[in-house]
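Only this structure's heavy atoms are used, side chains among them; waters, hydrogens and symmetry mates stay out. Order of the sequence lines sets the chain letters (A, B, ...), proteins ahead of strands, with each chain counted from 1.
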Amino acid sequence: MRKRLSVLISIMVVTMLATTLGGCGKTSSTDATGDPSKLKKVELTFYEMGEVPKDIDKFYQELDKLTLKDLNCTVRFKFSTWTDYGTKYNLMLTSGEKIDMAYSADWMSYATNASKGAFEAVDDLLPKYAPTIYKDVEKTTWEALKVGDKTYGVPTQYHEFVQHGFVYREDLRLKYNLPEIKDPATIEQYLETIKAKEPGMSIPTYEGSAFSELFANTTTYDTFDTLGLTAGTVPLIIDDAKPTVSISTYDTPEYSAMAKTMKTWADKGFWSKSVLSNKEDIEANLESGKAGGWFGALPAKAKGTAEKVALKHPDWKIGYFNYADMNGKVYPARANHNLMAIVKGSANPERSLMFLEKIHTDKTYYDLVQYGVKGLNYNLNGEKLDYTKIDSANHGFDIAAWAMRNTPFIRENINDWPNYKVIDAALTKVGKPDPFDGYVFDVSNIQSENAAISQVITQYAIPLEAGLVKDPEAALTTLKQKMKDAGFEKYKSEIDKQLKSFADNKKK
Amino acid sequence: MKIKNAKSTKVFNLMGFIYITIMGLFCLIPFIVIVSGSLTSQDYIVKHGYSILPKEFSVEAYKAIFIFPKQIITAYGVTIGVTIIGTAIGLILISMGGYVLQRKDFKYRNSVSFYIYFTTLFGGGLIPWYILMTKYLHLKDTYQVLVIPGLMSPFLIILMKSFMKSIPEEIVESAKVDGAGDFKIYSSLIMPLAKPALATIGLFLALAYWNDWFTSSIFISSANKFSLQYVLYNILQTSEFFRSSSSANVATSYNLPTESLKLATAVVATGPVILFYPFVQKYFIQGLTIGAVKG
């Protein structure tokens, strides 16, 4: 019986493997027809993140009119919806579904998927089928997108900043005659006054970011935290002067100084003792007037909040302090922040690129894909978007075509928060290319150390950073010791190795 | 005749009542908080937390859910249809399976039982399952995919089998003597006797179909075939995503009352099931002891 069972099991295992691998082994069928004038009629399938937009049928009607004329194709979108999108995205890639192009990004594991062979390289196709995109996107961006020595994604032509800032109530600052917010000291003064004079309004809910925001932005180090993907989970930073060697965050004098500041803030009651388990929504708190500040707000998020507050409480004013004003360090979002990638096994890679090229160069396409059908989903007031007469609940068109944005084509909204432009202009002025664009933080060789270190960070570093320990000095010593025990040496040397090879590759 | 209770029994009963009342309150209060929370304005919840009675009455959250009444109604239709069809077919299949598996004149019953049982220990995993459904059975984006995967489960077959075992075999024999065929025995004799089991397993099946959002999530791509739970779950997930995303991508046009919305969603989703319970409760209690005592 036992023998028979083991035979049975091994047969099953083999079968399972065969089925699983069978899904991966798709052969690509790239037929280069070349001549755009004699195109065969095809249907392209694009995979996008997010919800199925309302009025999608009307949208397709309009789109088909355009694409049938210009490219002799129809384009259909598939949407992940926001439920379990990670799982579904992977299923889409591994099961060999018929998808021509799919959204990809750093937060959807672009590099991993590309190196596993989920995408088709676009290097040879781009100059031929999407020449304008190829020309408009900077060379450094194409370089940064390389995985191995091939490019697998077409990036967005949209400059955006993932630089955080501090959102506060400008009206309250003026009411109490407080100085303009420009550094941790003025933030402290502001919070102290709020705490004392506005009893109904508590503190900014500490979202684990007061420390990391202020630490990263008052020093000149580069962090590994991009986009909050690894926020606060990498205990390493880099000194610009020596980009091939990382430094332990906890060894820097700035760290212990900041930990002490946080201790005084916590003691003054800027946030409650139970903040670490707090799941409150800072944005909602700010909008309802419960919170007086928000530490980790992106300009775009601040814009959203300000616009909502402007509708709800016209007498309030939202202020925004850009952390970049402290150390002048601003990087635009990385090259792989929003991409479209050709899925392995796509029947029409050429046509898909041609469609992207159309969106990039033709404003009619652009407006349709980004804003929907004019008159139904949006109106224009001059050149600006006007949603005042649109029933947004039933006709709000919101396709997440993030990877198809193009800065010169973007339309302003008549309700835009005026401050946003100022912030954006300021960021653009000081912004400079991220020296680590294209670097992929890879922990596959140090998984157990990584897990142990995350554990130590949660247990020892976060309470220290939230100012909830009795003695910061002692807590820091313990933290360092625990780090060492968790295998910090090995962890650091692996990352250093990666940094070195990244720098070497760049020189080539 | 009334039996006089001893004092100790009275005390015991009193304690029992108190205990059960407390337990009942433990179950009831959270539900009341959910209902009242769903009727409170978002701002009030953010500022002051939940309460037993709605302090600042608002139907904002229900508006947000029912803003596309067509979508919700379609989803209700899909879910009700799937639940009824799935439960009916599932019950027939499971009861036939269970009946056959316990017949002593079925020579390979143990091997077949083992074969069924074996699938609970080893499964192919998500990706092979997905590939089977989409590439070989071509069930992607169809109504069938919502019904078929949930029709039978090894646990329910085994449960049914053990219940059927408790029906005396003599009944089958007597029917045979009277000249009834196998199917006649199953349909006219066994089925009526197996009512408690059918009710229990039917309830299991119905709940599973009613609460299923995952199948919709991965297999269905057109919005008019979404099941109710998925539509509701998706509303939550979307607002959650837009709240928590640290990416600048995020469109800021989303304005959903999250806290109260979550609660309203729960109310909308549980509603019909609560109405459904009392009808099968009688059988359900009987069914719980299935296989526990064999006469």
Which atoms of A:Thr156 approach chain B - backbone, side chain, both or neither, heavy atom under 4.5 Å: neither

Distance-only donor-acceptor check, side chains A:Thr81 and B:Tyr230, under 3.5 Å: yes

Lys/Arg-Asp/Glu bridge criterion (N-O < 4.0 Å) met for A:Glu97, B:Lys140: yes

Side chain to side chain donor-acceptor pair (under 3.5 Å) against B:Ser58, all qualifying residues, sequence neighbours excluded: none

Tell me, side chain or backbone of A:Phe79 under 4.5 Å from chain B's heavy atoms, or both, or neither? neither

In terms of heavy-atom contacts, does CZ of B:Phe106 have more than 12 from other residues, nucleotides or ligands at under 6.0 Å? yes

B:Tyr130 versus chain A, heavy atoms under 4.5 Å apart: side chain, backbone, both or neither? side chain

About how many Å separate CD1 of B:Ile218 and OG of A:Ser95, when rounded to the nearest 0.5 Å? 10.0 Å

Distance col, row B:Ile131:CD1 vs A:Thr94:OG1, nearest 0.5 angstrom, shows 6.5 Å

Any chance OH of B:Tyr143 has more than 12 other-residue heavy atoms, nucleotides or ligands included, within less than 6.0 Å? yes

Separation between OH of A:Tyr47 and OG of B:Ser221, rounded to the nearest 0.5 Å: 9.5 Å

Indicate whether any N or O donor in one side chain lies under 3.5 Å from an N or O acceptor in the other, for A:Glu51 and B:Asn234. yes

Going by the rule salt bridge (charged side-chain N to carboxylate O under 4.0 Å, His left out), which residues pair with A:Lys88 if we only count those two or more places apart in sequence or in a different chain? none

Just how far is it from atom OG1 of B:Thr134 to atom CG of A:Leu91, taken to the nearest 0.5 Å? 8.5 Å

What pair of heavy atoms forms the shortest contact from B:Trp213 to A:Thr83, and how long is it? CZ3-CG2, 3.7 Å

